[in-house]
Amino acid sequence: MPAHGSSDAPRLPGVLESLRRRFTRSSAWRVLTETVVAMIALAVLGAVLGPQWDPVPLNSSLRTTTSSTAISGAPSLPEYEVRETMVTVRLDGATVQGRISEPVDAPPDRPAVVFVHGAGTDTYANAFRAQARALAAAGVVALVPEKRLDTYTTAHRDYVKMAADYARSVQTLRTWPGVDPDRVGVYAESEGGWIAPVMAATDPRLAFVVLVSPPVVPPREQAAFAADSYLRNTGVPAGVFRAIPRAVGLSIPGAFEYVDFDVSSFQQRMRQPVLVAYGTDDASMPLVQGPEQIISDVAKVGNHQVTVRYYADANHGLKVDDQVVEEFLVDLPGWVLGLPQTAMTRPHVAGAQPEQHFRADPVPTPRWLRDGTAVLVWVGSSAAALIAAVALGMAGRGLRALRRRRAPDVPAPEGISRSVSRPLTWCALGSVATVAVLVWYLVAVARLALDYERDPLVVTGGWLAVRVIGLLAVLAGVIALRALVPHGDRVVRPVTGVLPRSAVALAGLGCVGLLVAAAYWGVFQLGI
């Protein structure tokens with residue numbers, strides 16, 4: 001046995017150095033290093049191509065003075081039996097059905113309300129049942145018409161024309177037996193908050209306006225705000241937020257013109273009393289900024305008749321556990337029946353204290369890729385390159401088989417070696433899967449925001465899946481590239497022939513194009 005300190009004794013630093021050298025020389029280490037470099041390059045490119053997302057904190061003085069939402073000056077509510085009648089409302093070029101709920105044996109000259117649908121409701125059969133019944137039981141006639149759908153699509157909506165359609169329902173109520181034509185108002189929820197102010201501005205005779213969960217800001221700003229709020233609530237990584245301005249900031253020629261509709265100019269002409277109601281658990285709407293904007297807008301015509309109420313733990317439709325909060329079903333008819341006295345009820349702002357941490361502001365637009373058509377062409381061209389690569393690869397294989405049959409003794413061209421074809425195939429599949437799952441993810445998140453729902457599994461799990469698939473695609477691409485490039489003293493000819501070389505070139509372009517597109521949407525975001 002060698003003595004302690006002998007030169008034959010193993011030295012730990014030397015062993016570690018030997019292991020380090022062996023690992024450094026290994027192919028796996030180089031592949032890993034090059035994959036990391038490629039990821040960083042994609043992250044930098046993605047950051048350069050488009051806008052960042054940096055919402056501005058909201059500094060507001062809007063505070064509730066009492067937790068009670070009660071409407072001071074509201075009369076005691078009677079309890080009438082409710083009768084429902086189906087009616088047909090004739091519009092310009094169409095008809096819709098509607099449901100009128102009215103009190104039985106109530107005194108004449110009753111107030112009345114027309115309900116204006118939001119994005120998530122369209123039929124009279126199930127919409128606003130609790131609200132309409134509460135109004136009718138208290139002595140207020142309520143009409144819930146169907147939403148006109150032949151002129152309403154995801155790509156095309158005209159809020160001014162929609163206001164004209166709902167105005168026909170107002171006229172229907174003004175001529176309904178027992179209704180005072182000068183006491184007819186509107187109840188608008190969510191998207192209807194962009195329609196009701198148009199009705200009020202163009203019809204001064206309209207008696208009052210009830211805005212429930214109104215967006216107030218333009219649709220594009222509200223969509224970005226909602227997406228930001230939902231993503232923050234679910235604790236997603238910062239890279240997800242980059243997709244917000246790049247998705248919401250897109251423009252599609254000939255479609256989605258309504259996303260920049262600004263209702264402020266109509267609110268600035270509203271002289272009617274306004275009741276604004278939000279649920280404090282509504283993450284999709286600017287709960288503080290919205291009422292502030294309404295108060296500021298109507299004040300321009302000397303209108304200070306704005307009552308704001310916040311309902312604790314209620315969601316976008318003022319519901320808790322799928323039921324409209326009872327306090328609102330009392331406050332709503334009380335406020336309507338008490339007009340004009342309740343128009344100046346004190347306090348003006350009451351209920352649970354709302355929280356809004358960031359402003360809903362204009363969305364940063366992409367520098368070079370604002371046109372959504374350009375993005376589609378980019379992705380489509382990359383996908384087409386991959387399809388063409390597959391076609392050329394199959395043609396090359398067919399040509400080699402034909403040559404073998406005609407001249408079996410003549411060596412056929414090698415084509416594409418497996419060392420290239422296999423990782424390149426996985427890179428192509430991975431890049432396509434990355435973009436496909438990314439599109440699914442963005443649509444799913446947008447749908448959650450528009451439908452005012454939450455699903456942490458989709459938001460967090462989906463984003464993780466996109467990034468893992470993207471990483472694997474980049475890894476496969478690096479392996480394919482290493483197989484194409486000679487290294488050391490070894491001479492390699494992994495691809496021979498015009499068709500195989502063309503196929504490899506197109507596949508490479510397609511993979512790069514799709515991976516860069518994924519980088520643009522933040523898939524490879526590394527905090528850069």
Side-chain angles (χ1 to χ4, degrees), residues 64-84 99-107 110-116 118 126-144 179 183-190 192-193 196 207-214 272-282 287 291 305-354:
T64 59
T65 57
T66 175
S67 60
S68 172
T69 62
I71 304 295
S72 61
S76 299
L77 299 181
E79 294 186 12
Y80 295 101
E81 292 185 12
V82 177
R83 177 174 61 235
E84 293 185 350
R99 181 189 75 240
I100 289 183
S101 302
E102 57 184 327
V104 177
D105 297 329
R110 308 162 195 160
V113 177
V114 170
F115 282 82
V116 178
N126 299 313
F128 307 117
R129 278 207 167 270
Q131 298 93 322
R133 177 164 288 276
L135 286 166
V140 181
V141 180
L143 168 56
V144 181
V179 169
R183 299 179 71 189
V184 178
V186 293
Y187 175 114
E189 184 174 290
S190 187
F208 56 87
V209 177
V210 178
L211 299 174
V212 175
S213 306
Q272 297 87 348
V274 183
L275 172 62
V276 182
Y278 288 97
T280 58
D281 202 32
D282 184 357
L287 304 181
Q305 305 173 94
V306 180
T307 302
V308 182
R309 291 294 183 266
Y310 292 101
Y311 295 89
D313 303 321
N315 63 12
H316 185 68
L318 297 187
K319 294 180 179 181
V320 176
D321 296 329
D322 293 327
Q323 299 294 323
V324 180
V325 293
E326 289 295 330
E327 293 85 353
F328 178 68
L329 297 179
V330 173
D331 298 338
L332 172 63
W335 183 82
V336 172
L337 289 169
L339 292 173
Q341 289 77 15
T342 50
M344 297 299 293
T345 186
R346 299 284 183 174
H348 293 312
V349 181
Q353 181 60 43

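Positions are given from 1 along the sequence. Being a predicted model, the structure only gives us computed values, none of them experimental.
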Taking the side chain as every heavy atom from C-beta outward, state whether Phe208 and Val336 have any pair of such atoms under 4.5 Å apart. yes
Note, Pro291 side chain near Val306 side chain (heavy atom, < 4.5 Å): no
Got a donor-acceptor contact below 3.5 angstrom from the Ser213 side chain to the His316 backbone? yes
N/O donor-acceptor pair under 3.5 Å between Arg309 side chain and His348 backbone: yes
Could you tell me the separation between the CD atom of Glu327 and the CG atom of Leu329, rounded to the nearest 0.5 Å? 9.0 Å
Given Gln305 and Met344, is the side-chain contact (heavy atoms from CB on, under 4.5 Å) satisfied, shown in steps? CA-CA 6 Å; Gln305 305 173 94; Met344 297 299 293; 3.7 Å; yes
Ile100 CD1 to Leu143 CG distance, which is reported to the nearest 0.5 Å: 5.0 Å
Using every non-hydrogen atom in the two residues, find where Pro75 and Gly334 come nearest and quote the distance to one decimal. CD-O, 3.7 Å
How long is the straight-line distance from CG of Leu135 back to CG of Leu337, given to the nearest 0.5 Å? 8.0 Å
Got a donor-acceptor contact below 3.5 angstrom from the Thr345 side chain to the Ser72 backbone? yes
Minimal non-hydrogen separation, Val116 against Phe128, with atom names: O-CZ, 3.9 Å
So, the side chain of Arg183 versus the backbone of Leu339: is there a donor-acceptor pair under 3.5 Å, distance only? no
On a heavy-atom basis, the closest approach of Leu287 and Tyr310 is O-OH, 2.6 Å
Given Val210 and Leu332, is the side-chain contact (heavy atoms from CB on, under 4.5 Å) satisfied, shown in steps? CA-CA 9 Å; Val210 178; Leu332 172 63; 4.0 Å; yes
Atom pair CG (Leu318) and CD (Glu189), whose distance is rounded to the nearest 0.5 Å: 6.5 Å
Considering all heavy atoms, the nearest Leu211-Ala196 contact: CD2-CB, 4.0 Å
Which heavy atom in Ala130 sits nearest to a heavy atom in Val324, and how many Å separate them? CB-CG2, 4.1 Å
Using side-chain heavy atoms (C-beta onward) and a distance below 4.5 Å, is Pro273 in contact with Thr307? no
Tell me the closest heavy-atom pair linking Pro103 and Ala106, and the distance in Å. CG-CB, 3.5 Å
Applying side chain to side chain donor-acceptor pair (under 3.5 Å) between Tyr311 and each of Asp331, Thr280, Asp282, report the one that passes. Asp331
Take Glu102 and Tyr80 through the side-chain contact (heavy atoms from CB on, under 4.5 Å) test and state the conclusion after the steps. CA-CA 9 Å; Glu102 57 184 327; Tyr80 295 101; over 6 Å; no
Yes or no on side-chain contact (heavy atoms from CB on, under 4.5 Å) for Phe328 and Thr69, after CA distance, side-chain angles and deciding distance? CA-CA 8 Å; Phe328 178 68; Thr69 62; over 6 Å; no
Just wondering, more than 12 heavy atoms not from Glu81 lying within 6.0 Å of its CD? no
